[in-house]
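One structure below.
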Amino acid sequence: MTGLTTMVNPGSSSQPPPVTAGSLSWKRCAGCGGKIADRFLLYAMDSYWHSRCLKCSCCQAQLGDIGTSCYTKSGMILCRNDYIRLFGNSGACSACGQSIPASELVMRAQGNVYHLKCFTCSTCRNRLVPGDRFHYINGSLFCEHDRPTALINGHLNSLQSNPLLPDQKVC
C-alpha cells in the first residue's frame with residue numbers, strides 16, 4: 001500500500017504538505033500533467049493529483065471517492081478490491097505454507113515471505129530477528145552459528161549472507 005491518499009482543501013491546514021491558495025495554481029497533476037486549480041486535490045505517492053485523475057488501473061474508479069488509501073504494485077495504481085483480486089488478501093508463508101494476513105508484519109529473504117515466528121534457523125530452530133546475520137542456502141535459513149561447515153571452507157558459491165531486515169507486507 002502506498003501512503004495515504006489525502007484530500008487536501010487549500011483553505012485548511014491539511015497535511016501533507018500544506019497547500020495554500022497561492023501555491024495551488026503551481027501544482028501539476030501526476031496523472032495528466034495539467035495545472036491543478038480544483039477546490040480539492042489528492043496527494044498520493046509523493047505527488048499531487050486531480051481527484052478525477054487518480055484512478056484504479058483496473059476498474060477506473062476514482063480512488064478519492066472510494067477510500068483513503070491506494071495500492072501500487074507492478075506499475076499499477078489499484079483500489080483495495082482490485083489489489084486483493086489480483087494479488088490476494090494475503091500471501092503464504094514460505095516456511096509453514098499458511099496464509100499471512102495483509103496487516104501482519106513479515107520477514108523477507110530472497111523473495112520469500114515468512115511469519116515472524118517462522119523465520120528460524122533450519123538447524124537449531126532459533127528465531128532470527130532484525131540485525132541477525134543469516135545464510136540463505138537452497139531455500140533454507142541458517143543462523144551464523146549453524147551455517148553448514150562447507151561454507152566455512154568456502155565451497156558453496158550459492159551463499160547469500162544478509163543482515164536481517166523487517167518488512168511490512170503490502171496491504
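Treat the numbers as computed from the prediction; the structure is a model and nothing was measured.
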- request: Find the distance between SG (Cys118) and CZ (Arg125) and round it off to the nearest 0.5 Å.
  value: 10.0 Å
- request: Start with the C-alpha distance between Tyr114 and Arg108, add both sets of side-chain angles, then the distance that settles side-chain contact (heavy atoms from CB on, under 4.5 Å), and finish with yes or no.
  value: CA-CA 6 Å; Tyr114 300 84; Arg108 296 180 188 268; over 6 Å; no
- prompt: Counting only N and O atoms by type, is there a donor-acceptor contact under 3.5 Å from the side chain of Ser94 to the main-chain atoms of Asn112?
  reply: no
- prompt: Using 4.0 Å as the upper bound for N to carboxylate O, is an ion pair formed by Arg127 and Asp132?
  reply: no
- prompt: Quick one: OG1 on Thr120 to CG on Leu128, what's the gap to the nearest 0.5 Å?
  reply: 7.0 Å
N/O donor-acceptor pairs under 3.5 Å from side chains in residues 54-63, not counting sequence neighbours:
unit_1 : atom_1 : unit_2 : atom_2 : d
Ser57  : OG     : Ile77  : N      : 3.1
Ser57  : OG     : Ile77  : O      : 3.0
Gln60  : NE2    : Cys56  : O      : 3.4
Gln60  : NE2    : Ser57  : O      : 3.3

Short side-chain to backbone donor-acceptor contact, Arg28 and Gly34, under 3.5 Å: no
- prompt: Is the backbone N or O of Ser99 less than 3.5 Å from a side-chain atom of His115, with the two atoms forming a donor-acceptor pair by type?
  reply: yes
- prompt: Atom CZ of Arg147 and atom SG of Cys121: how far apart are they, to the nearest 0.5 Å?
  reply: 12.0 Å
message: Side chains of Glu144 and Phe134, heavy atoms from C-beta outward: is any pair under 4.5 Å?
response: no
- request: Mark yes or no for whether Trp49, through its side chain, and Ala44, through its backbone, hold a donor-acceptor pair below 3.5 Å.
  value: yes
- request: Verify the ring-centre separation between Tyr136 and Phe142: is it less than 6.0 angstrom?
  value: no
task: Working to the nearest 0.5 Å, report the span between NE2 of His145 and OG1 of Thr123.
output: 10.0 Å
message: Rounded to the nearest 0.5 Å, what separates atom CD in Gln110 from atom CD1 in Ile137?
response: 11.0 Å
- prompt: For Cys29, which of Arg52, His50, Lys35 qualifies under side chain to side chain contact (heavy atoms under 4.5 Å, CB included)?
  reply: His50
query: Less than 4.5 Å apart, any side-chain heavy atom of Cys79 and any of Cys70?
result: no
query: Got a second to check how far Leu141's CG is from Asp146's CG, nearest 0.5 Å?
result: 12.0 Å
